[in-house]
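Okay, structure first, notes after.
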Amino acid sequence: MTWRFALMIEPAAAGDTRTDFAETFTVIDPATPALSVGELSTQRGDGIFESIGVVDGHPQEVEAHLDRLAHSARLCDLPMPHAEQWRQAVARAAAESPASGEGVIKLILSRGVEHGPAPTAWVTAAQAADNTAPRTHGIRVVTLDRGFDSEAPARAPWLLLGAKTLSYAVNMAALREAKRRGADDAIFVSSDGFVLEAPTASVILRFRDRFVTPEPSGAILHGTTQLSLFEHLRAEGREVGYSMIPVSDLAKADAAWLVSSVRLAAPVRAIDGADLPVDGELTASFNRYLLSPRD
Ligand code: PLP
């Protein structure tokens with residue numbers, strides 16, 4: 001990743017009434033060390049994050065990402081992020097993003113240094129990878145057992161399954177396992193046989209004229225890209241919905257996509273070795289929409 005910009009943030013309390021948070025930002029060199037060795041984000045992955053896609057300098061769906069950051073903070077007992085402060089930090093990072101092409105802005109809120117006075121927070125801006133190939137040629141996926149059943153989020157909320165935490169070691173291990181099995185990506189399934197999400201994306205399936213995604217029941221992240229695409233499809237008069245999707249339904253899908261903020265819509269061309277037709281035109285229309293300025 002080519003880092004272009006980094007900003008440390010002194011997190012404001014939720015009730016802070018300032019309207020300008022510039023004095024809480026410190027621009028740092030993204031190539032030099034900036035965190036204490038006692039940081040709990042690096043020691044334990046104890047923190048949360050968001051990755052926002054940037055297109056031609058415009059950060060996409062900022063409010064949806066700030067909402068999810070707040071949701072993750074709530075689940076992790078972190079202090080509530082001050083929405084306006086983060087909005088201004090995103091705007092600063094967007095101003096440093098390339099005026100043309102695609103980028104990614106990351107928001108990170110860590111529990112901070114052990115016994116320290118406050119959480120640590122920062123924002124980065126970087127150039128995005130070229131995702132033309134997965135968007136156009138599609139990806140092969142394998143299903144991987146996530147190791148918990150669909151009741152686990154209610155039974156064990158400390159697993160933080162609906163929070164976007166910094167602990168992505170499991171997600172990265174799943175991607176490596178998918179590659180070992182000759183695929184490009186994975187779809188996690190619950191141990192009682194329901195479709196969940198991909199390690200870094202949401203799953204959307206098409207059954208005839210209906211687009212379906214797994215119920216955001218606390219076991220998965222509620223993807224901002226899926227939300228936005230469903231709004232778009234609904235506005236076009238298409239039928240969309242959430243449901244518990246049995247793994248056996250994957251083989252019955254007429255089409256499938258993994259969708260996320262930076263790679264956008266990647267059509268699935270095979271699941272567990274069984275080919276799936278790729279609708280090139282529909283996928284291109286999804287990505288045209290996802291690349292248009294979205295607030
Ligand atoms: N699920 C997981 C586990 C993810 O990591 C991501 C994105 O990083 C998503 C879903 C999709 O979320 P979004 O569309 O907001 O990028």
Side-chain angles (χ1 to χ4, degrees), residues 1-14 16 21 24-54 59 62 64-83 85-90 92-94 96-97 103-129 156-176 197 199-201 220-224 260-262:
M1 193 163 294
T2 317
W3 303 101
R4 296 176 61 100
F5 179 74
L7 192 71
M8 298 302 296
I9 302 175
E10 277 170 46
D16 194 321
F21 288 91
T24 66
F25 302 149
T26 307
V27 176
I28 58 165
D29 178 350
T32 59
L35 297 177
S36 154
V37 290
E39 244 305 311
L40 294 172
S41 56
T42 52
Q43 290 199 52
R44 295 183 182 154
D46 193 355
I48 55 176
F49 79 107
E50 284 296 321
S51 294
I52 301 179
V54 182
V62 175
H65 284 283
L66 292 181
D67 287 349
R68 194 170 58 192
L69 188 73
H71 178 67
S72 299
R74 219 170 282 121
L75 292 178
C76 295
D77 301 315
L78 283 162
M80 198 43 56
H82 192 297
Q85 181 184 37
W86 286 89
R87 207 172 281 128
Q88 290 180 20
V90 171
R92 279 292 297 276
E96 302 289 336
S97 297
V104 52
I105 291 177
K106 280 198 174 198
L107 320 182
I108 295 135
L109 175 62
S110 144
R111 201 169 301 279
V113 175
E114 197 154 19
H115 310 305
T120 315
W122 68 100
V123 168
T124 60
Q127 198 171 324
W158 45 87
L159 294 178
L160 305 176
L161 296 171
K164 194 166 168 70
T165 75
L166 290 168
S167 314
Y168 260 51
V170 166
N171 307 47
M172 297 299 108
L175 287 180
R176 290 194 298 276
E197 62 186 347
T200 65
I220 60 173
L221 296 188
H222 200 170
T224 61
S260 53
S261 294
V262 180

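Below, all heavy atoms of this structure are taken into account, side chains as well, without hydrogens, waters or symmetry copies. Counting begins at 1 with the first residue of the sequence.
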_Quick check: do His71 and Asp67 have side-chain heavy atoms less than 4.5 Å from each other?_
no
*Distance from Asp77 atom CG to Arg111 atom CZ, nearest 0.5 Å?*
6.5 Å
*asked:* For a quick test of reading the model, state the closest non-hydrogen atom pair linking Ala125 to Ala93 and the distance between them.
replied: CB-O, 3.8 Å
_Main-chain N/O of Met80 paired to Arg74 side chain as donor or acceptor, under 3.5 Å_ = no
*Is it true that Glu39 and Arg44 make a salt bridge, defined as a side-chain N closer than 4.0 Å to a carboxylate O?*
no
_Separation between CD1 of Ile9 and CH2 of Trp86, rounded to the nearest 0.5 Å_ = 4.0 Å
*Any side-chain heavy-atom pair of Glu114 and Leu40 under 4.5 Å*: yes
*Pro30 to Phe5 - nearest heavy-atom pair and separation*: CG-N, 3.8 Å
*Side-chain touch Phe49/Ser72, heavy atoms, less than 4.5 angstrom*: no
*Side chain of Glu197, backbone of Leu221: donor and acceptor closer than 3.5 Å?*
yes
*Please round to the nearest 0.5 Å and tell me the distance separating atom CE of Met172 and atom OG of Ser167.*
11.5 Å
*How many angstroms lie between CZ in Phe21 and CD in Glu10, if you round to the nearest 0.5 Å?*
11.5 Å
*Give the intermediate values and the outcome of side chain to side chain contact (heavy atoms under 4.5 Å, CB included) for residues Ile105 and Leu107.*
CA-CA 7 Å; Ile105 291 177; Leu107 320 182; 3.9 Å; yes
*Just by distance, do the side chain of Ser41 and the backbone of Asp46 share a donor-acceptor pair under 3.5 Å?*
no
*Side-chain heavy atoms of Pro119 within contact of Pro79, under 4.5 Å*: yes
*If you take all heavy atoms of His82 and Asp16, which pair is closest and at what distance?*
NE2-O, 2.8 Å
*N/O donor-acceptor pair under 3.5 Å between Arg4 side chain and Glu96 backbone*: yes
*How far apart are the C-alpha atoms of Cys76 and Thr165, what are their side-chain angles, what is the distance that settles it, and do they pass the side chain to side chain contact (heavy atoms under 4.5 Å, CB included) test?*
CA-CA 8 Å; Cys76 295; Thr165 75; 4.0 Å; yes
_Residue pair Ile108, Leu166: steps toward the side chain to side chain contact (heavy atoms under 4.5 Å, CB included) verdict_ = CA-CA 8 Å; Ile108 295 135; Leu166 290 168; 4.0 Å; yes
*For the student: nearest non-hydrogen atoms of Leu78 and Gly47, plus distance*: CD1-CA, 4.4 Å
*Closest non-hydrogen atom pair between Ala12 and Gln85, with its separation*: N-OE1, 2.9 Å
_Nearest-0.5 Å distance, OG1 of residue Thr224 to NE2 of residue His65_ = 3.5 Å
_Before you tell me yes or no, could you show the steps for Leu35 and Met8 under side chain to side chain contact (heavy atoms under 4.5 Å, CB included), namely the whole-Å CA-CA distance, both residues' side-chain angles and the distance that decides it to 0.1 Å?_
CA-CA 10 Å; Leu35 297 177; Met8 298 302 296; 4.3 Å; yes
*Minimum heavy-atom distance Tyr168-Pro199, with the two atoms named*: CE2-O, 3.7 Å
*asked:* Between Leu160 and Trp158, is there a side-chain heavy-atom distance shorter than 4.5 Å?
replied: no
_Check: Ile48 and Leu69 side chains under 4.5 Å, non-hydrogen atoms_ = yes
*Heavy-atom side-chain proximity of Leu109 to Pro81 below 4.5 angstrom*: yes
_Salt-bridge criterion met for Lys164 and Glu50 (N-O under 4.0 Å)_ = no
*To the nearest 0.5 Å, tell me how far Phe25 CZ sits from Ile28 CD1.*
13.5 Å
